[in-house]
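Each chain gets a letter, A, B and so on, in the order its sequence line appears, and its residues count up from 1. This structure is a prediction, so every number in the text was calculated from the model and none was measured. When reading the values below, keep in mind they use all heavy atoms of this one structure, side chains included, and skip hydrogens, waters and symmetry mates.
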Number of protein chains: 2
Amino acid sequence: MSASLPPFPKHQEPTDEPVLLELGSAADEPCLRADAARNRARLLEAATLLVEKHGAAGVTMEAVAVAASVGKGTVFRRFGDRTGLLMALLDHSAKQLQAAFLSGPPPLGPGAPPVERLRAFGCAALRQAVDHLELQLAAQPEPARRYSNPPQRLLSGHVGLLLRAAVPDADVTLLAQTLMGYLDPALIHHLTKECGMPLERLEAGWIDLVARVTRTELPQ
Amino acid sequence: MSASLPPFPKHQEPTDEPVLLELGSAADEPCLRADAARNRARLLEAATLLVEKHGAAGVTMEAVAVAASVGKGTVFRRFGDRTGLLMALLDHSAKQLQAAFLSGPPPLGPGAPPVERLRAFGCAALRQAVDHLELQLAAQPEPARRYSNPPQRLLSGHVGLLLRAAVPDADVTLLAQTLMGYLDPALIHHLTKECGMPLERLEAGWIDLVARVTRTELPQ
DNA sequence: TTACGATCCGGACCGAGGTCCGTTTAAAGT
DNA sequence: ACTTTAAACGGACCTCGGTCCGGATCGTAA
């Protein structure tokens, strides 16, 4: 169905979000003990301060511990590892983006046709990435886990759903990962900082990419 | 020119390779002193052995040094850092792929139409990545340099050239990076090892992706 | 209030990557 | 052969991420 190119494929969003909601949005903090919660807050605050003062590279696990007047072990118990701590720092803006495309107003949120949402999503993600580029780079997990972490899966899952609606008979998973690749912080860093491309060009590139990928006429 | 969809855009390859040839293929070894060359060989041999015996994770700089009966400092002076050593281990197959698409027989090498070369390139790269997945993963530099290293630039440069021939009026650089993203070892690892996709599906995905990206009808 | 178990804390400890610098040595010049 | 010098060597040393475990603390049930 909907294999031609007229207006839009109806843009159904009945079962659009359900699968995603449980994927890591909320309810993942298991209610800490009082002292633990206090220390967590102090650690995040200390880390934030360190980022401002010495950049992401200055966020040493021990430095954070000291700055928060806390043992080093505590940092690891709370955040698992360094990338965990860094991702916690990015958590706020990440949740914000999630909320925007899961339940915010169109064109990002439900209500707009899929391709349009896709376009909006990319631009929003692009902007958010540029804003926190340094942290985002530093928070990148080791390659083997880069695609396994919950936030990443949530994003690519969402892109997958939009794609399924737009190009129903394609390998949506693969396409989604390809699109997500365009939003990789490392790539964005390379293009903007090393190649000097302006954000606008990246946005235009995304729009174009979505258009190409989304096209439904059969190849060859 | 060549903005419609007939056969192929003539597939000119006059100025096809020149820019690339100087980009890291050869002449990057500055003629070592005798002892240095000897140690380099011993180190590579030792590293290869360690990989076979304990996997990529077993390739510790000190372990390699010891196994080669060499000081630790020597390893670093020769290879810069760990990823340098690992990339040196991958160098042989990398050069092989380069040679294949730079001067090998079609469809990979010059002589075939661009899109066809593009398809062949992806499949070849895919297979090569799958073969050395573990090393390739371990050899991944820190995010900020992932797109800066010479081999990577050579590959994306080549894809860019093929794309320019296939879709002359697109932002070929961005498209090339997008396609290269599909070949990212981390992604391939995720899809094959964690999602259980067979190589064939990835290849089909690449073919499809090339077809979509390569389409030259104007969007909307 | 007391007692108790689960949770948390802290910092000593470890391994690995990376740096430094005094010493050695290959190879070009005399 | 002898000097010279730039390159290579080696391993002590530093930093930092991550682990471990004995002891302190919180929350709760009696």
Side-chain angles (χ1 to χ4, degrees), chain A residues 28-47 50-51 53-89 135 137-146 149, chain B residues 28-44 46-47 50-51 53-89 135 137-145 149:
Chain A
D28 47 359
E29 28 246 53
C31 190
L32 300 165
R33 225 170 71 174
D35 50 352
R38 174 180 50 91
N39 284 339
R40 185 188 144 92
R42 299 175 61 166
L43 284 169
L44 286 178
E45 188 182 358
L50 281 178
V51 170
K53 209 176 306 175
H54 305 116
V59 183
T60 284
M61 295 308 260
E62 184 149 12
V64 176
V66 170
S69 309
V70 142
K72 202 211 250 188
T74 302
V75 192
F76 283 92
R77 189 171 343 90
R78 195 55 53 210
F79 298 101
D81 59 9
R82 202 179 108 101
T83 77
L85 171 59
L86 266 3
M87 291 191 0
L89 290 183
L135 259 187
L137 270 184
Q140 203 94 158
E142 60 164 325
R145 295 190 221 308
R146 194 147 30 111
N149 67 40
Chain B
D28 47 357
E29 28 245 53
C31 190
L32 299 166
R33 227 169 67 174
D35 51 351
R38 174 180 49 91
N39 283 339
R40 186 188 142 92
R42 299 175 61 167
L43 284 168
L44 286 177
L50 282 178
V51 170
K53 210 176 307 178
H54 306 115
V59 182
T60 284
M61 296 307 260
E62 183 148 11
V64 175
V66 170
S69 308
V70 143
K72 204 210 252 190
T74 302
V75 192
F76 283 92
R77 188 170 344 90
R78 196 53 55 210
F79 298 102
D81 58 10
R82 203 180 106 102
T83 78
L85 172 58
L86 266 3
M87 290 190 0
L89 290 183
L135 259 187
L137 271 184
Q140 203 93 161
E142 61 166 323
R145 295 190 222 307
N149 67 39

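Contact of the A:Asn149 side chain with the A:Met87 side chain is registered, since non-hydrogen atoms from C-beta on lie closer than 4.5 Å. By the 4.5 Å heavy-atom criterion applied to side chains, B:Leu44 and B:Leu85 are counted as neighbours. The side-chain heavy atoms of B:Arg40 and B:Phe79, taken from C-beta on, include a pair separated by under 4.5 Å.
Look at CZ on A:Arg77: it is 17 Å from P on D:dG17, rounded to the nearest Å. In this structure, NZ of B:Lys72 is placed 14 Å from P of C:dC20, rounded to the nearest angstrom. Separating the CG atom of B:Asp35 from the P atom of D:dA6 is a distance of 17 Å, rounded to the nearest angstrom. The CG-C1' distance, from A:Leu32 to C:dC9, rounds to 14 Å in whole Å. Rounding to whole angstrom units, CZ of residue A:Phe76 and C1' of D:dC21 are separated by 16 Å. In this structure, the CZ atom of B:Arg38 is 11 Å from the C1' atom of C:dT25, given to the nearest Å. As rounded to whole Å, 15 Å separates atom C1' of C:dC9 from atom CZ of A:Phe79. Separating the CD atom of B:Glu142 from the P atom of D:dG17 is a distance of 13 Å, rounded to the nearest angstrom.
Checked by atom type and distance alone, the side chain of B:Arg42 pairs as donor or acceptor with a backbone atom of B:Ala68 at under 3.5 Å. At distances below 3.5 Å, at least one donor-acceptor pair connects side-chain atoms of B:Arg82 with backbone N or O atoms of B:Val59.
At C:dC8, none of the side-chain N or O atoms of A:Asn39 fall inside 4.0 Å of OP1 or OP2 (strictly under the cut-off). Applying the 4.0 Å criterion to OP1 and OP2 of D:dG10, one finds that B:Thr74 has a side-chain N or O inside that range.
The side chain of B:Thr60 lies closest to C:dA16 when the candidates are C:dA26, D:dC9, C:dA16.
Nucleic acid contact for B:Arg82: sugar-phosphate only, since backbone atoms but no base atoms lie under 4.0 Å from a heavy atom of the residue.
Between A:Asp81 and A:Arg33, the one whose closest nucleotide on DNA chain D sits nearer the 5' end is A:Asp81. Of the two residues contacting DNA chain C, namely B:Met61 and A:Arg78, the nearest-nucleotide position lying further toward the 5' end is that of A:Arg78.
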